[in-house]
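Structure, as structure tokens:
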Number of protein chains: 2
Amino acid sequence: MSDFSSLSSSPRRVRQANVAAALQAIFAGRQLSRADLARQLGLNRSSSGNIISELVGNGLVREVAEDAPKPTRAGRPGILLELVPEGACFIGVEIGVEHITALRIGLTAEVSDVRVVPFDGRHAPVAEAVDRAVAIALDGIASGEIERCEGFGLATPAQMDRRGRVRIAPLLGWRDVDLAAITREALPAGIPSLVENDANAFAIGEAYGSRGRQRGVTLVLVIESGVGGGIVIDGQLFRGGNGLAGEIGHVHVPDADCAELEEAIGLELLLKRYRGVAGTGDATLAGLLADVRDRAPAAVAIAEDWARHLAFALVQACRLVDPDRIVLGGSVAGLYPMVSARVAFHMETLQADSFPLPEIVLHEAAETGAAYGAACMLHQRFLSLENDLLAGDAMGKDWGNL
Amino acid sequence: MSDFSSLSSSPRRVRQANVAAALQAIFAGRQLSRADLARQLGLNRSSSGNIISELVGNGLVREVAEDAPKPTRAGRPGILLELVPEGACFIGVEIGVEHITALRIGLTAEVSDVRVVPFDGRHAPVAEAVDRAVAIALDGIASGEIERCEGFGLATPAQMDRRGRVRIAPLLGWRDVDLAAITREALPAGIPSLVENDANAFAIGEAYGSRGRQRGVTLVLVIESGVGGGIVIDGQLFRGGNGLAGEIGHVHVPDADCAELEEAIGLELLLKRYRGVAGTGDATLAGLLADVRDRAPAAVAIAEDWARHLAFALVQACRLVDPDRIVLGGSVAGLYPMVSARVAFHMETLQADSFPLPEIVLHEAAETGAAYGAACMLHQRFLSLENDLLAGDAMGKDWGNL
DNA sequence: GCAGTTTGTTGCGTTGCAGCACAAACAGGA
DNA sequence: TCCTGTTTGTGCTGCAACGCAACAAACTGC
């Protein structure tokens, strides 16, 4: 039976919606006056002021101290408002194959602390890994301000449904575990938690980093040993029916010896081919990148094949998903800037009709991307249904895993 | 600059949202009592009754006349409510290559009138085609009740952006025309209009037909000479960045002589191969279907290749879009029931990991699918921001093309 | 016939926004 | 320097819409 209650509203919910909209608008605009806010929200100035006074009282919003850069317009200048960075904090953690990465963001979604701890994810039972992640996060990252902590997000290279149950995580050796429940139990009571696939989290983080939800469709690829992917539509993660949408790594590419994109452009094949031409044993990604940069013919040939395969898969994705932007992340994506022209060439050749090709960009700070994205998902939730702080009752606080 | 006004609310908007939610709930549930509605909407019974009395006054909702099937439960039985089919009407028209199809649906989204008129779309200027479509719709379909007409939707085999500007329509010979504007001008003032790609409209219609917006992801294929496609997410059409999402017809399939799905499973190749084996000249789709049904070996071979290619493309789509359901429409899809086992077999083989395959269904009534979908899009809009009838001002009535 | 249950309606109270008025703060011109 | 025009922030009043409680009505089952 369908539930339409989310569509209906009551006076309480009206206020809740407006408070949330106000927070999102300030987050997106960085600095706004009460009058600006009223215009953007379509509210009266008096209502805007009322909402702001409430948020200031809660310590989430403050007036900007120095008002030096007066834009010198006619009329009384407004008092600019901004989010208080310390007003809330959100923790994002990634359990990877070799590291646990933990970081903290504030209300402005800027990173205030990062820790990267070596961790052998290949031989770690679920409970142990989660306990370790929680310990790193709570003891190190959020030591002083657990009372302000509004969420704990966990990103892992695992295929899971939208309720946070892991179907399979080949890299970590997990299978059929309820990661959401395990995480919930490992945390102190009262901290909302969330678990997500690492590529999906990465995708959200990339789209979210630049000031809140932006319109449009973004396809994100994370290229390491495997190739993960995620799709973000208007700032919301698109999971598909089984939480597997965007899994571009398993898309077919036409080649003699490798059928899937993951095998064709992943780290393994790259190093295998590089070992064949580099001669000496220590063939690393850094070495390959350097050789390509120096235009060593054998390395360039490897890179051009990489570009061709990548372009082919991207064109398939454009036809099905039609993204505005494609973001490349992961260490192997470092190859892209040197062959971006080749990628564009192949894509244009394949796109028979002259349709606008999406913008392709390289993501920096790829190491912390997934953890940052997990934190951003909590931040996004906090700003969209900000309520319990104000209303006092617990409605909504217990948001499942989604 | 982003606009957050859609997120904020005011008493006016509260009522508007609740009225819309009520209409949607009644539409989805067919027959509800005031108390049922209150429960589904999370409102008080008094508010529910208030909203209903307003809707009854507007002629959109009525009490069910015969209350014969008493479910005999404890307590006073509720008075069931239903939508008034004649409360509003929506017109959907498809301009095809050979026909113009026009139909009318009422508030219950059931078709009340259909006309199919021969029309040579290959040599028709835009303005002429649109004028013809409008004439058929207004004179024939909506003759008596134009005052109740709440929308005119036009579906065409054209690639267009979300503002209704056609980039190119190869089958109709159009290029760079503002179809939305032309349609708006061809209509009498006051009738909201909407234009949409035919495959997209078909997709919406399929997902919408069974009682309002349903959750989940549906991928729709329309297989004729070409292969069109559309994606519906939670009842909303997903257009992608340039309005090209779901264009599965251009996905690559690995084969010697045809590179794209459209060529591999479209009508042309099918008939070409069938001509080669059937001997005599009049090779039709109906003949092929009959031969396959009779297990004629040459025809079965053609059908099995068709199944293999289709399965390959569907698996690619599953990896990127991950739909819950796949719907096959168009005349060529009639081949599917005879080879569904082959399709399933190939898909399972390709899906190395044992992930749940989506349900695949055949769509009936494919001829009127696009026109019906266009009408459904208007119906959907009417039910989601039903306002001007009640509020009196024109806010929202002028919904652009989207 | 009576207890128990569910429904539809009415009146009252509360919440939250809009509209209006007004003081404050600034730019520009006489 | 003063005055006009403009924009901002803040009270105050009114209104729209919902929740709550109470009650009559309608039905089942014992």
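The sequence lines fix the lettering, A, B, ..., with proteins before strands; numbering per chain opens at 1.
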Please lay out, stage by stage, how Glu86(B) and Arg104(B) fare under the test salt bridge (charged side-chain N to carboxylate O under 4.0 Å, His left out). CA-CA 11 Å; Glu86(B) 308 82 28; Arg104(B) 184 186 67 205; over 6 Å; no
Dump the pairs, protein N or O against N or O of nucleotides 8-10 of chain D, anything under 3.5 Å, distances to one decimal.
from    : atom 1 : to       : atom 2 : distance (Å)
dT8(D)  : OP1    : Arg39(A) : NH2    : 3.1
dT8(D)  : OP2    : Arg39(A) : NH1    : 3.4
dT8(D)  : O4'    : Arg76(A) : O      : 3.2
dT8(D)  : O2     : Arg76(A) : NH1    : 2.8
dG9(D)  : OP1    : Ile79(A) : N      : 2.7
dG9(D)  : OP2    : Arg34(A) : N      : 3.4
dG9(D)  : OP2    : Ala35(A) : N      : 2.9
dG9(D)  : O4'    : Arg76(A) : NH2    : 3.4
dG9(D)  : N7     : Arg45(A) : NE     : 3.1
dG9(D)  : N7     : Arg45(A) : NH2    : 3.3
dG9(D)  : O6     : Arg45(A) : NH2    : 2.9
dT10(D) : OP2    : Arg34(A) : NE     : 3.2

Taking atom [atom2] of [N] as reference, at what distance in whole Å does atom [atom1] of [X] sit?
| X | N | atom1 | atom2 | result |
| --- | --- | --- | --- | --- |
| Asn50(B) | dG11(C) | CG | P | 13 Å |
| Arg15(A) | dT15(C) | CZ | C1' | 9 Å |
| Arg13(B) | dC17(C) | CZ | P | 12 Å |
| Ile51(B) | dG8(C) | CD1 | C1' | 15 Å |
| Leu37(B) | dT6(C) | CG | C1' | 16 Å |
| Gln16(B) | dA18(C) | CD | P | 14 Å |

Arg62(B) meets the salt bridge (Lys or Arg N to Asp or Glu O under 4.0 Å) criterion, sequence neighbours left out, with Glu82(B)
Between Arg34(A) and Asn50(A), do the side chains contain a donor N or O and an acceptor N or O under 3.5 Å apart? no
State whether a side-chain donor-acceptor pair under 3.5 Å links Asp36(B) with Ser33(B). yes
Go through the structure and list residues passing ring-ring contact (aromatic ring centres under 6.0 Å, His included) with Phe90(B), not counting sequence neighbours. His379(B), Phe382(B)
Distance check, rounded to the nearest 0.5 Å: Ile51(A) atom CD1 versus Leu41(A) atom CG? 6.5 Å
Just N and O in the side chain of Asn18(B): are any of them under 4.0 Å from OP1 or OP2 of dC18(D)?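 For Asn18(B), the contact criterion (side-chain N or O under 4.0 Å from OP1 or OP2 of dC18(D)) is met.
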